[in-house]
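Let me give you the structure first, and then I'll get to my questions.
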2 protein chains.
Amino acid sequence: MKKGTILSVDDDENLQTVISQYLEGDGYKVVTSANASCALERVNNGALDVILLDLVLPDGEGLTLIPQFKEKTSAAIIVVSGKSDTTEKIVCLEMGADDYLTKPFEMRELSARIKAVLRRMEMQVNNNDNESKSESPDKERIDFLNWTLDRAQYQVFEKESGTSLEFTTGEFQLLEALILSPNRALSRERLFELTRDGEFDVYDRAIDIQIARIRKKLVDENNEILKTVRGVGYMFVSKSS
Amino acid sequence: MKKGTILSVDDDENLQTVISQYLEGDGYKVVTSANASCALERVNNGALDVILLDLVLPDGEGLTLIPQFKEKTSAAIIVVSGKSDTTEKIVCLEMGADDYLTKPFEMRELSARIKAVLRRMEMQVNNNDNESKSESPDKERIDFLNWTLDRAQYQVFEKESGTSLEFTTGEFQLLEALILSPNRALSRERLFELTRDGEFDVYDRAIDIQIARIRKKLVDENNEILKTVRGVGYMFVSKSS
DNA sequence: ATCATTTGTTACAAACATGAAACAAAGTTT
DNA sequence: AAACTTTGTTTCATGTTTGTAACAAATGAT
């Protein structure tokens, strides 16, 4: 559920309230500061993921805050400005901001930009990982028994014939989750976490039905690919072990 | 290495030294003038890219210099002022300045503003280039099925007949994005990022409509070139897989 | 064997995603 | 300004996906 912590730096109290409520509804934790000094203190205080920074603050130029933030945290910085000025925008980005947003803006847009910025950060992390590690942690294609799971295409192929089986996205994600933890029993709860993004009011046995639907498509006589572990959940058994 | 020549007009000798050193470290060539007459002379003397102009000079009002500079050079003018005065800023911009910076400032900010201003100028130049040149020298062509995507010309050609299909720029860019990641399902969000530059206040399904329009033009009976991946997005399928 | 619990199966309806058509708004060209 | 192009928005119909309920089958314990 927790998607990240956001610090909003702005001296407009009303705006702060609106932002907080909206973003909290989105699943973020939100903290606010009304001025520069308070914000700097907060940055030292703990892990932040995104900083929303208004350039016009009562106690000093917001622009100079950007490099200071950059020094102390790896959080993404989204500048919120009253002016729609191309030069200022470029300057902000040049100084280390990650995005620039002009007031007034819609909450939906703010939310989208935060999401985009977080994703970009995540991608960077992943890329760095790939560079340092010789083996990529998440493979795009995963072979299992007579099939291949293609995570880029969201498809399952039959190895020999090469034909693709018609999996729905939901079925695919469940199978993917199981295959990524081979020979390990996963509870229905865990599987829910892995496949659905923050849903709660669902039927206990939705997973069971999904499993049944997958099995119907992944037929392999005596071999039970998706084993049910009574009282626990389900498990993908790979022959290698 | 050479990024441009900058003329700094200011009578503060210490500041001039600091500016010169910093900007030279950035790869610029820097020349300085301590007063207006000297600056005007220097402007006649050779190609400049950026002029940093302090408004308070020993021999005359700096404001009146702006139009004089504009007449003689196409360099960008960044006004450096001791006062943080909105009215003065607006007047300067009205008279032809490209940016306005308040003392004291950080070198990093100055550097960023110079970069921004140069980039803006360059963009203008490029746009003019495109208008004047009808043919682009480097053609990057990508073949797919019965068509060829010409990224230089922003056109799609039918391989056999050689006729070009009428794609709008938006349609072209979307198709391009999909083709550049073949056999990979791309979410609408991702496609948005790839094709639009920082727009968010748009309809969720704008991509869908664009896809439909592309499909209408790229007809190939049984072959689904642009596959929709339900619950995810769209994918360009290349025959190789 | 009998019972209780857990899981598999089927059918169904609500929710959802997508494509198509028509419209509207913004931008361009003439 | 008018015609045209491009692109976003709305609406509707259709088909898919998935949660739910009900029941049958399987499993394990006593």
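Each chain gets a letter, A, B and so on, in the order the sequences are listed, and its residues count up from 1.
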Mind grabbing the angle between the end helix axes of the helix from C:dA1-D:dT30 to C:dT30-D:dA1? Five pairs an end, 10° rounding.
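One end axis against the other gives 30°.
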Taking only N and O in the side chain of B:T168, is any of them less than 4.0 Å away from OP1 or OP2 of D:dT7?
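The answer is yes; a side-chain N or O of B:T168 sits under 4.0 Å from OP1 or OP2.
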Generate the contact string for nucleotides 7-25 of chain C. Rules: B means base contact, S means sugar-phosphate contact only, - means no protein heavy atom under 4.0 Å.
BB-S------BBB------
Quick one: does any side-chain atom of A:D98 pair with a main-chain N or O of A:I77 as donor and acceptor, under 3.5 Å?
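Between the backbone of A:I77 and the side chain of A:D98 there is a qualifying donor-acceptor contact (under 3.5 Å).
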Gap between atoms CD1 and C1', on A:I207 and C:dT6 respectively (whole Å):
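Atom-to-atom, A:I207 to C:dT6, this comes out as 16 Å.
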Need to verify one output field. Residue with the more 5' nearest nucleotide on DNA chain D, B:Q210 or A:T169?
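Nearer the 5' end of the strand: B:Q210.
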Just by distance, do the side chain of B:K115 and the backbone of A:E94 share a donor-acceptor pair under 3.5 Å?
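Answer holds: no.
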Quick one: B:F192 CZ to D:dT7 P, roughly how many Å, whole number?
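Taking atom P of D:dT7 as the reference, CZ of B:F192 is at 12 Å.
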What residue pairs, at least two apart or across chains, pass ring pair (Phe, Tyr, Trp, His ring centres under 6.0 Å) with a residue in residues 156-191 of chain B?
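Qualifying pairs: B:Y154-B:F172.
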Checking A:Q173 now: which residues fulfil side chain to side chain donor-acceptor pair (under 3.5 Å) with it, not counting sequence neighbours?
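Per chain and number, A:Q173 pairs via side chain to side chain donor-acceptor pair (under 3.5 Å) with no residue.
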Which residue pairs satisfy the salt bridge (charged side-chain N to carboxylate O under 4.0 Å, His left out) criterion with at least one member in residues 173-185 of chain A, sequence neighbours excluded?
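Residue pairs passing salt bridge (charged side-chain N to carboxylate O under 4.0 Å, His left out), neighbours aside: A:R151-A:E176.
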Results of ring-ring contact (aromatic ring centres under 6.0 Å, His included) for B:Y100 - residues two or more places apart only
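Residues passing ring-ring contact (aromatic ring centres under 6.0 Å, His included) with B:Y100: none at all.
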A:D99 (side chain) donor-acceptor with A:V117 (main chain) under 3.5 angstrom
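No; judged by distance alone, with no hydrogens or angles, the pair does not exist.
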Give the rounded distance in Å between these two atoms: CG of A:L175 and P of D:dT17.
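Atom-to-atom, A:L175 to D:dT17, this comes out as 16 Å.
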Could you tell me whether the side chain of A:K159 and the main chain of A:T148 form a donor-acceptor pair under 3.5 Å?
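No: the side chain of A:K159 does not pair with the backbone of A:T148.
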